[in-house]
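Just so it is clear, the model here is predicted, and its values are computed rather than measured. Just so it is clear: chains get the letters A, B, ... in the order the sequence lines come, proteins before strands, and each one is counted from 1.
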Protein chains: 2
Amino acid sequence: MDTAETVLASRGVRPTPQRVVITEYLLNTKSHPTADQVLEAVANALPVQLSRATVYNTLHTLVEAGVIQEVYTEPGGCARYDANTERHHHFVDTKNGCIYDIPFEAVPSLDKSLDDNYKVSNYTVTFFGEPKQGQPKQES
Amino acid sequence: MDTAETVLASRGVRPTPQRVVITEYLLNTKSHPTADQVLEAVANALPVQLSRATVYNTLHTLVEAGVIQEVYTEPGGCARYDANTERHHHFVDTKNGCIYDIPFEAVPSLDKSLDDNYKVSNYTVTFFGEPKQGQPKQES
DNA sequence: TAACAATCTTAGAGTTAGTCTAAATAGTGT
DNA sequence: ACACTATTTAGACTAACTCTAAGATTGTTA
């Protein structure tokens, strides 16, 4: 079991107290928190004030180091952060706006479909519609 | 050839001068302008001041009436508006942010790929990468 | 281990892309 | 013409960041 310190050190990120608590929080939640949610959740785990700027700095550092992923679910919405760094697509429930993660493998590969004219390095698919019965409830 | 007035009238949207010039601009560009670009492009085609609020009101009205589409290309980026309301996908040039329309048929159908768990009514694919040689230059 | 440079954090100001509000104006039906 | 609704406007407001300048902390070198 990797501690936040270990993870940070192994990626060459100096494990300051602020970075450690933020990383710990992200490694231990399955939700996709916003920057503000991270700030709120983590603020009183530190003996000092935690600044908004530090939260953003740290999140960007962690993204660059590959520890977390920045995810946009709602179009036009704010960034969410996810310690699960696997590629995935999204399904938007048009009735209520809920968003479900779709595993990357659930969708046939489109890597080659524009080969004639474009060099594709990445792509994302957003589906719209309604879940059928029995979909697992998932935090957005 | 449909004029902006005709299009608006046929969708039950009262063709005010502000709406007409905005619609004209969008029907005649292949670019995917932001709200601010619409404002800048259209402002001096009117004898009166054009307010930012009116631009947003009009864009929302046009989206609801099905005259244009709201498109989000860059994750976390701002809304862009597209008078091409045919189903299509987008390719984002990661070097310069230019956006190209990808015909719907250029991508294999994904309508059935989530059939087990979801009723999919629509989907869009956004590709990221670089165009190969000889792509037609297109405004972003 | 003292000096100093580099890195990190902070509060708060600034920016962007909108949304909201209240008042003025324009258009519609009778 | 009169009441009523729809539309537009300027500008205040908001959310989600981003930037800045100063101070704190840490690491490095002598």
Side-chain angles (χ1 to χ4, degrees), chain A residues 4-5 8-9 11-23 25 32-65 67-82 97 140, chain B residues 4-5 8-9 11-23 25 32-65 67-68 70-82 97 99 140:
Chain A
E5 278 94 341
L8 292 176
R11 312 281 178 125
V13 177
R14 195 202 292 172
T16 68
Q18 289 86 347
R19 288 172 177 170
V20 168
V21 293
I22 290 173
T23 306
Y25 173 63
H32 301 51
T34 65
D36 261 23
Q37 288 168 341
V38 171
L39 175 59
E40 204 191 336
V42 144
N44 42 18
L46 286 167
V48 296
Q49 261 302 101
L50 175 61
S51 143
R52 189 170 307 278
T54 300
V55 173
Y56 281 105
N57 288 343
T58 299
L59 291 171
H60 295 161
T61 302
L62 295 179
V63 168
E64 272 178 42
V67 178
I68 62 172
Q69 231 185 344
E70 192 173 46
V71 174
Y72 289 87
T73 47
E74 306 162 77
C78 67
R80 290 163 169 277
Y81 297 88
D82 189 352
S140 83
Chain B
E5 279 95 343
L8 292 176
R11 312 281 179 127
V13 176
R14 194 203 291 172
T16 68
Q18 290 85 348
R19 287 171 177 172
V20 168
V21 293
I22 290 173
T23 307
Y25 172 64
H32 299 61
T34 63
D36 261 24
Q37 288 168 342
V38 171
L39 175 58
E40 205 192 336
V42 144
N44 42 19
L46 285 168
V48 296
Q49 261 302 99
L50 175 61
S51 141
R52 188 170 307 278
T54 301
V55 173
Y56 280 105
N57 288 344
T58 300
L59 291 171
H60 296 160
T61 302
L62 295 179
V63 168
E64 271 179 41
V67 178
I68 63 172
E70 191 174 47
V71 174
Y72 289 87
T73 48
E74 306 162 78
C78 67
R80 292 164 167 276
Y81 297 89
D82 189 351
I99 296 148
S140 84

Legend entry - Donor-acceptor pair, side chain of B:R19 and main chain of B:T58, under 3.5 angstrom: no

Legend entry - Rounded distance in Å - CG (A:N57) to P (C:dT9): 7 Å

Inset, instruction - Please report, rounded to the nearest Å, how far the C1' atom of D:dA6 is from the CZ atom of B:R14. - result: 5 Å

Inset, instruction - Figure out the CZ/P separation between A:R80 and D:dC17, and round it to whole Å. - result: 10 Å

Legend entry - Short side-chain N/O contact to D:dT7 OP1/OP2 from B:R19, under 4.0 Å: yes

Inset, instruction - Let me know the distance between OH of B:Y56 and P of D:dA10, rounded to the nearest Å. - result: 15 Å

Legend entry - Minimum-distance nucleotide (side-chain atoms of A:A53 versus C:dG18, D:dC19, D:dC17): D:dC19

Legend entry - Axis-to-axis angle between the two ends of the helix from C:dT1-D:dA30 to C:dT30-D:dA1 (five base pairs per end, rounded to 10 degrees): 20°

Legend entry - Any B:H60 side-chain nitrogen or oxygen under 4.0 Å from OP1 or OP2 of C:dT19: yes

Legend entry - Protein-nucleotide distance (A:L39, atom CG; D:dC17, atom P), rounded to Å: 12 Å

Legend entry - Rounded distance (Å) that lies between atom P of C:dT16 and atom CD of B:E74: 14 Å

Inset, instruction - Side-chain contact test, heavy atoms from C-beta onward, threshold under 4.5 Å: evaluate it for B:D36 versus B:R52 and give yes or no. - result: yes

Inset, instruction - Could you grab the distance from atom OG1 of A:T16 to atom CG of A:L8, nearest 0.5 Å is fine? - result: 8.0 Å

Inset, instruction - Please state how far atom CG in A:L46 lies from atom C1' in D:dT25, giving the value in whole angstrom units. - result: 14 Å

Legend entry - Between P of D:dT26 and CG of A:L8, the distance in whole Å: 15 Å

Legend entry - Phosphate-side-chain proximity, B:Q18 and C:dA26, N/O vs OP1/OP2 below 4.0 Å: no

Inset, instruction - Please state whether the phosphate of D:dT7, meaning OP1 or OP2, lies under 4.0 angstrom from any side-chain nitrogen or oxygen of B:T16. - result: no

Legend entry - Interatomic spacing from CG in B:L59 to CD in B:E64 - rounded to 0.5 Å: 12.0 Å

Inset, instruction - Check the side chains of A:Y81 and A:Q69 for a donor-acceptor pair under 3.5 angstrom, ignoring hydrogens and angles. - result: no

Inset, instruction - Report yes if at least one side-chain N or O of A:Q49 is closer than 4.0 Å to OP1 or OP2 of C:dT10; otherwise report no. - result: no

Inset, instruction - Hey, which sits more toward the 5' end of DNA chain D by its nearest nucleotide, B:S51 or A:E70? - result: B:S51

Inset, instruction - Flag yes if more than 12 heavy atoms outside A:E40 fall under 6.0 Å of its CD atom; otherwise flag no. - result: no

Inset, instruction - Using a 4.5 Å cut-off on heavy atoms from C-beta on, say whether the side chain of A:T61 contacts that of A:V13. - result: yes

Inset, instruction - Counting heavy atoms from C-beta on, name the nucleotide in D:dC17, D:dT26, C:dG18 closest to the side chain of A:R52. - result: D:dC17

Inset, instruction - Have a look at B:A79 and say if it touches a base, only the backbone sugar-phosphate, or nothing, with a 4.0 Å heavy-atom cut-off. - result: sugar-phosphate

